[in-house]
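Remember, it's 1-based here, ligands and their atoms both numbered in the order they're listed.
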Amino acid sequence: MNVSVLASAIIGSEIIKIGNEVNELKSKGAEIANLTIGDFNPAIFPIPEELKTEIIAAYNDHQTNYPPADGILHLREVVSDLLKDRFNLSYTPKEILISAGSRPLIYSTFLALIDPGDKVIFPAPSWNNNHYCHLTSAVGITIESLEENNFMPVASQIKPHLKGATLLALCSPLNPTGTMFSEEQLAEICDLVLEENKSRPAGEKPLYIMYDQIYSLLTFGKEHINPVSLRPALKDYVIFIDGISKCVAATGVRVGWGFGPDAVMSKMKAILGHMGAWAPRAEQVAVAKYFKNSKQVDEFLSRFKNQIQLSLNEIYNGFQNLKKEGFAVDAIEPMGAIYLTLKIDYIGKTTPDGDLLKDSADVNFYLIKAAGAALVPFSAFGNDDNMAWFRASVGACTLADIKAMMPRIKMALSQLK
Ligand SMILES: Cc1ncc(COP(=O)(O)O)c(C=O)c1O
């Protein structure tokens, strides 16, 4: 072995593997609605024009040297105001940390809290927690969330695992499901964490929550809730993950923010500093100016969310119609993010070519080839490969692509025996 044990056991992105397959077929001329990646096609969902203008202006203003390790003060002040205005959360600029998108914040949360062998609890399906456990030698405890709870984890499932755990990783609106915690669901979980921390002897690490709310501004009518607003006593134990990647379609601009107790954030700042995972200074200057104008942000969000919701609803309604016609499919009503949860219960069926669809990956590749519809099975998010649920992500497709795809799905499913 010529690399570390950690590196040799690392697993790349399952979603990118499917995406590559789709791109290869497309290059051969196939018509495929690519609902795989959690990203945006900038031709369909561009970043706000004003943000682009500010980024260019910042470069013209020579904002090109190292930024401060925790992010430029003005951006942290703007984020502090945004948290107050939109979520009624009080965090000072000192408790806020800026980084190159939200991933370095997730990784540094793990690095700041986890010792090798520590327990991290997270739901399946969820996004990438297994990989961050691997990177930090944590013991991942997976909770299989249930359809009847909109695939959100609930307190009764979490409770048996809390003793000795260091981190509970939660996300709402959730990637991959596009569903959200109800107030009651999250409050019950918060109470468990408070109770657990009260019971721990002095000197034992407390149980922390990592609350990933990267989709918090992309909700369709339901209110986004968070642990600290529900239970202020949790403030010392919650590290929030947020940023601009999804809410303004700016995945490649790379500005994220985390916030939480100073004692943890200051360690995360030191870790991020050694990684050099800062957001570029010019982007920070531009994002601060853009988000300072909340009217401008609201106008963008209302157009953007409307466009996303139209696409999600088109697929949702299409699947509900198929279900009514007797197809073995289902869909959960979209609540937030850019995702939709679909059931396509055809494992065990045979294709017109005589191939058995033995797991969800087979169903997925059949739909790619026979229907020009590329989804991601929940097995890429920690579930079993015999689970018949899939994620559809709408950021890379036009509404017209989606409309054209639905009859192809119907035709492909009707050919299965
Ligand atoms: C739940 C969740 N958190 C974080 C991220 C990462 O975002 P960023 O691009 O800001 O690193 C993603 C990206 O898909 C995500 O779905």
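Partners of D191 under the side chain to side chain donor-acceptor pair (under 3.5 Å) rule, at least two apart in sequence or in another chain, are R231. With sequence neighbours excluded, no residue forms a side chain to side chain donor-acceptor pair (under 3.5 Å) with D85.
Of the charged side-chain nitrogens involved, none lies within less than 4.0 Å of a carboxylate oxygen, so that E95 and R76 do not count as a salt-bridged pair. Using a cut-off of 4.0 Å between Lys/Arg side-chain N and Asp/Glu carboxylate O, K52 and E49 are scored as salt-bridged.
Within the structure, every pair that satisfies the ring-ring contact (aromatic ring centres under 6.0 Å, His included) test and touches residues 361-381, not counting sequence neighbours, is listed here: F151-F378.
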Table of N or O contacts for ligand 1, cutoff 3.5 Å:
{"unit_1": "ligand 1", "atom_1": "3 (N)", "unit_2": "D212", "atom_2": "OD2", "d": "2.6"}
{"unit_1": "ligand 1", "atom_1": "7 (O)", "unit_2": "S102", "atom_2": "OG", "d": "3.0"}
{"unit_1": "ligand 1", "atom_1": "9 (O)", "unit_2": "S245", "atom_2": "OG", "d": "3.2"}
{"unit_1": "ligand 1", "atom_1": "9 (O)", "unit_2": "R254", "atom_2": "NH1", "d": "2.8"}
{"unit_1": "ligand 1", "atom_1": "10 (O)", "unit_2": "S102", "atom_2": "N", "d": "2.8"}
{"unit_1": "ligand 1", "atom_1": "10 (O)", "unit_2": "S102", "atom_2": "OG", "d": "3.2"}
{"unit_1": "ligand 1", "atom_1": "10 (O)", "unit_2": "S245", "atom_2": "OG", "d": "2.6"}
{"unit_1": "ligand 1", "atom_1": "11 (O)", "unit_2": "S102", "atom_2": "N", "d": "3.2"}
{"unit_1": "ligand 1", "atom_1": "11 (O)", "unit_2": "R103", "atom_2": "N", "d": "3.0"}
{"unit_1": "ligand 1", "atom_1": "11 (O)", "unit_2": "R103", "atom_2": "NE", "d": "3.1"}
{"unit_1": "ligand 1", "atom_1": "11 (O)", "unit_2": "R254", "atom_2": "NH2", "d": "2.9"}
{"unit_1": "ligand 1", "atom_1": "14 (O)", "unit_2": "K246", "atom_2": "NZ", "d": "2.7"}
{"unit_1": "ligand 1", "atom_1": "16 (O)", "unit_2": "N175", "atom_2": "ND2", "d": "2.7"}
{"unit_1": "ligand 1", "atom_1": "16 (O)", "unit_2": "Y215", "atom_2": "OH", "d": "2.7"}

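Remark: K235 is positioned above the aromatic ring of Y91, its terminal NZ or CZ atom under 6.0 angstrom from the ring centre and at most 45 degrees off the axis.
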